[in-house]
Amino acid sequence: MGSGTPWKLPKARAKGSPYFSRNQISKVLHQVGVLLELNGANPFRTRSYFNGSRTISNLNDDLGDIINTGKLTELKGIGKGLGSSIRRAVLDGEWVEDWIELFESTPNGLIEMLGIPNLGPKRIKLLNEKLGISNIAELQISCEKHEIEELDGFGKKSQQKIIDGIQLLKRFNARRRLDIGLLYGNALKNLIGNIDHVEKIELAGSARRRKESIGDLDLVVGAEIKFHETISNSILSLPGIADVKGAGGSKISVILDTSIFENKFNLGNIDDGVLEAIGGDEYEKMEASGTIDAQIRLVSLNMFPFTLAYFTGSKEHNIRMRQRALDRGLKLNEFGLIPLDKIENKVGIEAAKYSLEAKSEKDIYKMLDLPYIVPELREDLGEIEEGEKNNLPELVTSNSLLGAFHNHTTLSDGEATLEQMSDAARKLNWKYLGISDHSQSLKIANGLSPQELIAQGDIIKKYNSEWKQSNTNFRVFHGVESDILENGKLDYKNEILETLDYVVASVHAIRKWKNRDEAENTEDLFNAIENKYTTMLGHPTGRIIQGREGYEVDMHAIIRRMGELNQEGIFKAIEINASPYRLDLDWRLCKFAKMCGVPISINPDAHDISGLKDVKFGTYIARKGWLEKSDIINTKDSIEVMELFSKRG
DNA sequence: GCCGTTTTCGGCCCGACTGTTTTCAGTCG
């Protein structure tokens with residue numbers, strides 16, 4: 001949820017009811033929850049707002065319809081209070097007084113302060129009341145004047161932690177992208193895995209769940225207890241550890257820097273537009289001197305599966321699992337799964353002696369009457385309910401991919417030629433590659449004139465026939481990444497589009513789209529997808545992770561419409577842009593797309609040879625979004641792809 | 001604020017760690 005941009009209650013839509021969209025309601029509920037926290041409200045009350053927000057954002061049906069049919073308060077987590085507030089907003093265009101008051105009375109700076117690690121709502125409130133601090137800049141000054149350490153409940157260490165936290169927040173927005181997290185995480189995992197007597201090691205936390213961004217790294221290490229001390233010492237002397245924040249018997253907390261990597265830290269080629277959004281050259285320098293926090297838990301082998309499950313999360317999934325354990329007279333924690341009647345008032349490690357045994361996480365799920373749930377799905381977004389029905393999806397894997405669409409060459413803004421890209425694709429064992437350079441309006445990316453596009457098509461035809469003659473099972477599909485222009489128009493005349501195998505339609509005029517409201521943007525996207533020649537929608541929201549939020553758009557409505565078109569036999573797909581900077585379509589919407597029958601294309605948006613490999617991040621997101629092989633276009637062979645692309649209606 | 005119900009209010013997941021205390025509050029996951 002947007003840091004930087006001030007929080008405001010959105011204005012009612014001028015056209016009338018529904019005055020607010022599902023996205024707006026969900027966002028406001030979340031924000032009210034945060035504001036309540038900052039005002040010291042009952043934590044269970046604030047949780048209700050967060051739960052309500054989640055419920056609304058995960059709706060499959062139209063919010064307006066749900067309200068009109070009187071079913072709003074039938075939703076889990078929406079009771080009388082939230083129900084009537086939401087109703088009033090959507091039907092009458094009015095926010096309840098309490099919320100208006102909250103938004104007006106809470107300084108936006110306090111919300112930003114929440115981003116500082118180890119500083120939560122209670123202490124922010126205290127700082128505000130005692131010292132009048134209402135933003136990060138004032139907090140920094142107060143720290144420098146040593147005012148914080150004088151406060152009751154604070155001390156020198158708290159003050160220093162706040163200073164460090166501000167620094168971290170400034171550098172990386174306190175979170176890191178998944179690709180960066182995995183780079184560091186896997187490097188550390190390999191190093192620890194090579195230490196004597198380490199029998200098991202896994203990356204846990206949000207990196208294991210493949211969230212698009214992660215806070216810090218969690219690793220769980222399993223070894224016999226008698227070796228723990230020597231292992232712990234070995235870990236502390238590994239390369240790449242810039243600082244040790246704490247080292248107890250079972251938990252080691254460190255800061256890693258880029259010296260953990262054997263080779264020089266290199267981010268590879270970043271698309272210019274993306275680089276601009278995340279801070280340009282400064283960003284690259286920052287990463288090169290970057291750090292990341294890591295927590296390592298050292299446990300006995302019998303505890304390993306429980307600790308791994310616990311630190312993999314998510315928090316919401318864990319809550320459900322613990323409740324499930326309680327329903328069965330068991331207590332689930334990081335140490336074990338323990339029958340309640342055995343432990344009386346023992347807690348923690350003492351109680352864990354009575355734990356049931358588990359060889360792996362699979363056993364834990366089994367003891368709670370569930371099939372194994374893969375880490376990607378552990379978000380409490382239906383995986384427990386579907387697991388109960390033995391109805392979990394068989395998720396797509398990277399090696400099911402036979403090719404990819406949406407790739408660039410030197411003809412527009414890529415770094416590799418058509419020939420080099422094709423060679424690289426064949427080395428990945430792909431059977432085809434889609435080339436879609438930028439279209440003419442995108443001057444900054446050297447967009448192709450109609451003549452250039454047609455000439456490119458001729459070259460591709462020539463190669464395809466050569467491959468065919470030499471019995472090489474490979475072909476190039478000729479496409480274009482057409483800019484979406486005014487009113488959702490595409491960037492070439494129909495006669496030109498007609499000659500292509502496919503069209504990826506994408507928005508690039510981000511500034512303009514971010515200055516318009518949800519309804520206008522949605523309208524233009526409707527027009528774009530309804531264009532006969534649009535095959536798939538590229539990076540549908542334009543977000544850059546850690547860089548900028550996407551433009552406002554009712555993506556549910558877009559996806560629903562695309563689903564209808566597919567029903568009518570017209571092929572319309574949506575991409576998961578696999579660049580780790582984008583990962584757009586968001587995983588939270590993948591399941592909905594699947595439900596609506598909209599095919600997904602995992603697109604690397606490669607600008608050079610190495611960019612093709614980014615499909616692995618797209619696959620992570622597809623898996624996180626419940627997608628199976630059959631939901632993904634680029635698992636189909638080239639003949640099937642050709643048939644699908646030709647269904648233009 | 002939601003939920004469930006012994007239908008009107010009590011419980012809402014749970015433990016570790018940290019830094020501040022001298023028994024605990026805040027934060028995190």
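Letters A, B, ... are given to chains in the order of the sequence lines, protein chains preceding strands, and every chain is numbered from 1.
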Are the charged groups of [X] and [Y] less than 4.0 angstrom apart, N to O?
X	Y	value
K122(A)	E129(A)	no
K389(A)	E386(A)	yes
R45(A)	E37(A)	no
R88(A)	E94(A)	yes
K157(A)	E149(A)	no
D61(A)	K71(A)	no
D369(A)	R324(A)	no

Quote, to the nearest angstrom, the [atom1] distance that separates [N] from [M].
N	M	atom1	answer
dA16(B)	dT8(B)	C1'	36 Å
dC17(B)	dG11(B)	C1'	26 Å
dT5(B)	dC12(B)	P	15 Å
dG15(B)	dT20(B)	P	26 Å
dT27(B)	dT21(B)	P	15 Å
dT6(B)	dG1(B)	C1'	23 Å
dT7(B)	dC2(B)	C1'	15 Å

Among dG1(B), dG15(B), dG19(B), find the nucleotide with the atom closest to the side chain of K157(A).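 Taking heavy atoms from C-beta onward, the closest nucleotide is dG19(B).
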Given atom [atom1] of [X] and atom [atom2] of [N], what is their separation to the nearest angstrom?
X	N	atom1	atom2	value
L340(A)	dG15(B)	CG	P	10 Å
D98(A)	dG1(B)	CG	P	7 Å
I252(A)	dC17(B)	CD1	P	12 Å
I148(A)	dG19(B)	CD1	P	16 Å
N318(A)	dA16(B)	CG	C1'	14 Å
I338(A)	dC14(B)	CD1	P	11 Å
R320(A)	dC14(B)	CZ	C1'	17 Å
L126(A)	dG19(B)	CG	P	18 Å

Under-4.0 Å side-chain N/O to phosphate OP1/OP2 contact, K331(A) with dG15(B):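 So the side-chain polar atoms of K331(A) do come within 4.0 Å of the phosphate oxygens OP1 or OP2 of dG15(B), strictly under.
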After noting the C-alpha distance and the side-chain angles of R378(A) and E361(A), does the key distance pass the salt bridge (charged side-chain N to carboxylate O under 4.0 Å, His left out) rule? CA-CA 13 Å; R378(A) 299 181 197 168; E361(A) 285 182 320; 2.9 Å; yes
Any chance CD of E388(A) has more than 12 other-residue heavy atoms, nucleotides or ligands included, within less than 6.0 Å?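 Yes, because the 6.0 Å sphere around CD of E388(A) holds more than 12 heavy atoms from other groups.
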If you draw a 6.0 Å radius around CZ in R548(A), do more than 12 non-hydrogen atoms from other residues or ligands fall strictly inside?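 More than 12 heavy atoms, drawn from other residues, nucleotides or ligands, come within 6.0 Å of this atom.
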On the 0 to 90° scale, with breaks at 30° and 60°, tag the Y49(A)-W99(A) ring pair as parallel, tilted or perpendicular.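 Answer is perpendicular, since the angle exceeds 60°.
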According to the interplanar angle, ranging from 0 to 90°, do the rings of Y372(A) and Y365(A) count as parallel (below 30°), tilted (30 to 60°) or perpendicular (above 60°)?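 Y372(A) and Y365(A): perpendicular rings.
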Run through Q167(A), K161(A), Q160(A) and flag the one making a side chain to side chain donor-acceptor pair (under 3.5 Å) with D164(A).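 Single pass found, and it is Q160(A).
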Listed pairs, N/O of protein and of nucleotides 4-12 of chain B, under 3.5 Å:
unit_1	atom_1	unit_2	atom_2	d
dC12(B)	O3'	R47(A)	NH2	3.4

Using side-chain contact (heavy atoms from CB on, under 4.5 Å) as the criterion, list what pairs up with E212(A), not counting sequence neighbours.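 In terms of side-chain contact (heavy atoms from CB on, under 4.5 Å), with neighbours along the sequence ignored, E212(A) is linked to R543(A), I545(A), L583(A), D586(A), W587(A), R588(A).
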Can you pull out every salt bridge (charged side-chain N to carboxylate O under 4.0 Å, His left out) where at least one residue sits in residues 130-140 of chain A? Sequence neighbours excluded, please.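 Every pair satisfying salt bridge (charged side-chain N to carboxylate O under 4.0 Å, His left out) with a residue in residues 130-140 of chain A: there are none.
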Residues within residues 72-79 of chain A bordering DNA chain B, heavy-atom distance below 4.0 Å: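 Correct list: L75(A), K76(A), G77(A), I78(A), G79(A).
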What parts of residues 359-375 of chain A reach DNA chain B, counting only heavy atoms under 4.0 Å away?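 Residues of residues 359-375 of chain A that come under 4.0 Å of DNA chain B do not exist, since none gets that close.
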Strand partner of dT8(B), provided both Watson-Crick or wobble distances fall under 3.5 Å: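 WC or wobble partner does not exist here.
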Hey, which sits more toward the 5' end of DNA chain B by its nearest nucleotide, I319(A) or D152(A)?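 The 5'-side residue here is I319(A).
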Are any protein N/O atoms closer than 3.5 Å to N/O atoms in nucleotides 26-29 of chain B? If there are, list each pair with its distance.
unit_1	atom_1	unit_2	atom_2	d
dT27(B)	OP1	G120(A)	N	2.6
dT27(B)	OP1	G120(A)	O	2.9
dT27(B)	OP1	R123(A)	N	3.1
dT27(B)	OP2	K122(A)	N	3.1
dT27(B)	O5'	G120(A)	N	3.4
dC28(B)	OP1	N118(A)	N	2.7
dG29(B)	N2	Y310(A)	OH	2.5

Answer with base, sugar-phosphate or nothing: what part of the nucleic acid does K125(A) contact at a heavy-atom distance below 4.0 Å?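 No contact.
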Using a heavy-atom cut-off of 4.0 Å across all strands, would you classify L326(A) as base, sugar-phosphate, or nothing?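 Answer is sugar-phosphate: L326(A) comes under 4.0 Å of backbone atoms only.
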Using a 3.5 Å distance criterion without hydrogens, assess whether the side chain of N108(A) forms a donor-acceptor pair with backbone atoms of W7(A).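 Yes: the side chain of N108(A) pairs with the backbone of W7(A).
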For dT18(B), glycosidic torsion class - syn if within 90° of 0, otherwise anti: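 Anti, angle beyond 90° from zero.
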